[in-house]
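Here is the structure we will look at, set down as structure tokens.
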Amino acid sequence: EPEVTQTPSHQVTQMGQEVILRCVPISNHLYFYWYRQILGQKVEFLVSFYNNEISEKSEIFDDQFSVERPDGSNFTLKIRSTKLEDSAMYFCASSDTDQPQHFGDGTRLSIL
Amino acid sequence: AQSVAQPEDQVNVAEGNPLTVKCTYSVSGNPYLFWYVQYPNRGLQFLLKYITGDNLVKGSYGFEAEFNKSQTSFHLKKPSALVSDSALYFCAVNRWGGDDKIIFGKGTRLHILP
């Protein structure tokens with residue numbers, strides 16, 4: 001069964017540095033999402049993306065965050081200047097029209 | 001606003017016994033409800049969804065969920081638990097089904113005791 005893949009599985013970054021999290025969605029899916037899960041807390045929606053633009057974003061998704069689909073296969077989340085509170089598990093998901101979202105295994109981001 | 005509540009942080013069930021993981025929802029409009037499961041060091045896996053139709057929804061791995069409109073509940077059930085069912089279970093809701101942001105509950109850790 002096709003899967004959403006995320007790289008790296010674990011990213012350690014100094015506070016203030018830029019980080020890019022990468023995702024390869026399922027190939028025929030049209031809708032893409034990022035969620036995050038701070039340790040011990042709920043999974044929270046960050047942003048959804050369709051037709052090469054953001055469909056919706058949460059309050060968490062401030063100016064430090066951006067998303068891009070640079071080449072038709074990858075879907076990236078960039079955090080421009082990381083803060084300690086950005087430490088979390090970040091999940092990418094994709095879906096086809098009116099179909100359930102499929103999630104990757106996540107990238108654990110640790111900010112030092 | 002959409003929300004779900006999972007009142008139990010943890011549920012313990014003996015292997016072979018029936019299991020129930022509870023979820024209640026609050027939505028404006030029609031509910032679109034989901035259950036996802038998360039195994040250690042893995043992403044969330046879709047189990048089942050309720051959009052419309054039968055109140056008993058069947059999903060993956062022998063799980064089912066019962067939609068109860070009067071009680072605003074969507075409890076996850078399985079007739080006979082397996083040790084391999086031990087995982088973190090999330091109830092979730094969104095506004096129109098597939099391609100909309102998902103609002104997750106806080107999760108319930110299910111322990112199946114051998």
Side-chain angles (χ1 to χ4, degrees), chain A residues 1-10 21 23-26 28-51 53-61 67 88-108, chain B residues 1-10 23-26 30-53 57-61 63 65 74 76 87-109:
Chain A
E1 186 176 322
E3 291 185 343
V4 175
T5 56
Q6 291 186 242
T7 55
S9 56
H10 190 191
L21 309 183
C23 169
V24 179
I26 294 173
N28 61 334
H29 284 183
L30 303 174
Y31 301 87
F32 313 109
Y33 317 82
W34 284 100
Y35 294 82
R36 80 172 185 191
Q37 184 179 32
I38 294 173
L39 186 64
Q41 297 185 25
K42 287 186 184 183
V43 178
E44 302 172 290
F45 168 77
L46 291 178
V47 65
S48 57
F49 191 87
Y50 170 70
N51 201 24
E53 60 184 30
I54 290 174
S55 315
E56 187 170 0
K57 59 184 180 180
S58 71
E59 292 176 354
I60 303 166
F61 195 88
V67 289
M89 196 77 169
Y90 288 80
F91 293 106
C92 174
S94 69
S95 69
D96 202 352
T97 305
D98 286 336
Q99 295 301 311
Q101 294 176 28
H102 293 255
F103 285 75
D105 286 341
T107 293
R108 182 172 301 282
Chain B
Q2 326 282 322
S3 67
V4 291
Q6 295 180 245
E8 304 151 318
D9 290 335
Q10 183 168 310
C23 173
T24 57
Y25 65 87
S26 174
N30 294 323
Y32 296 87
L33 298 160
F34 306 83
W35 276 100
Y36 279 81
V37 60
Q38 185 180 29
Y39 297 101
N41 300 315
R42 301 297 305 276
L44 296 100
Q45 292 182 36
F46 170 77
L47 279 180
L48 51 80
K49 67 179 179 182
Y50 173 83
I51 307 291
T52 59
V57 180
K58 293 193 183 296
S60 307
Y61 312 121
F63 283 93
F74 189 57
L76 181 70
L88 188 56
Y89 289 80
F90 291 95
C91 183
V93 65
N94 68 10
R95 295 166 295 188
W96 58 75
D99 41 76
D100 178 36
K101 67 180 182 184
I102 294 176
I103 308 299
F104 288 93
K106 65 180 174 65
T108 297
R109 190 162 297 280

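Only heavy atoms go into these numbers, but all of them, side chains included; no hydrogens, no water, no symmetry mates. Protein chains get the first letters and strands the later ones, always in sequence-line order, with residue 1 at the start of each.
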Any donor and acceptor pair, going by atom type alone, linking the side chain of Tyr35(A) with main-chain N or O of Ile102(B) inside 3.5 Å?
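Checked: pair present.
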
Is the side chain of Asp105(A) donor-acceptor paired with the backbone N or O of Gly43(B) at a distance under 3.5 Å, no angle test?
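Side chain of Asp105(A) to backbone of Gly43(B): a pair is present.
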
Under a 4.5 Å heavy-atom cut-off, does chain A meet the side chain of [X], its backbone, both or neither?
X	value
Lys49(B)	side chain
Tyr32(B)	neither
Gln38(B)	side chain

Does atom [atom1] ([X]) have a neighbourhood of more than 12 heavy atoms from anything else shown, all under 6.0 Å?
X	atom1	result
Lys57(A)	NZ	no
Gln10(B)	CD	yes
Asn41(B)	CG	no
Arg95(B)	CZ	yes

On a heavy-atom basis, which atom in Gln101(A) and which in Asp100(B) lie closest, and how many Å separate them?
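Heavy atoms of Gln101(A) and Asp100(B) come nearest at NE2-O, 2.7 Å.
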
Using ring pair (Phe, Tyr, Trp, His ring centres under 6.0 Å) as the criterion, point out the one residue from Phe34(B), Phe46(B), Tyr36(B) that pairs with Phe103(A).
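The ring pair (Phe, Tyr, Trp, His ring centres under 6.0 Å) with Phe103(A) is passed solely by Tyr36(B) among Phe34(B), Phe46(B), Tyr36(B).
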
Among Gln37(A), His29(A), Gln6(A), Gln41(A), which residue has the highest count of heavy-atom pairs closer than 4.5 Å to chain B?
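Of Gln37(A), His29(A), Gln6(A), Gln41(A), Gln37(A) has the most heavy-atom pairs under 4.5 Å with chain B.
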
Any side-chain heavy atom of Leu44(B) within less than 4.5 Å of one from Phe91(A)?
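Yes. Closest side-chain heavy atoms under 4.5 Å.
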
If I take atom CG from residue Asp99(B) and atom OG from residue Ser94(A), how far apart are they, to the nearest 0.5 angstrom?
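So the gap between those two atoms works out to 11.5 Å.
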
Which region of Tyr50(A), side chain (C-beta onward) or backbone (N, CA, C, O), has a non-hydrogen atom less than 4.5 Å from a non-hydrogen atom of chain B, or is it both or neither?
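Neither part.
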
Lys101(B) with Glu44(A): basic N within carboxylate O range, under 4.0 Å
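Salt bridge flag = no for Glu44(A) with Lys101(B).
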
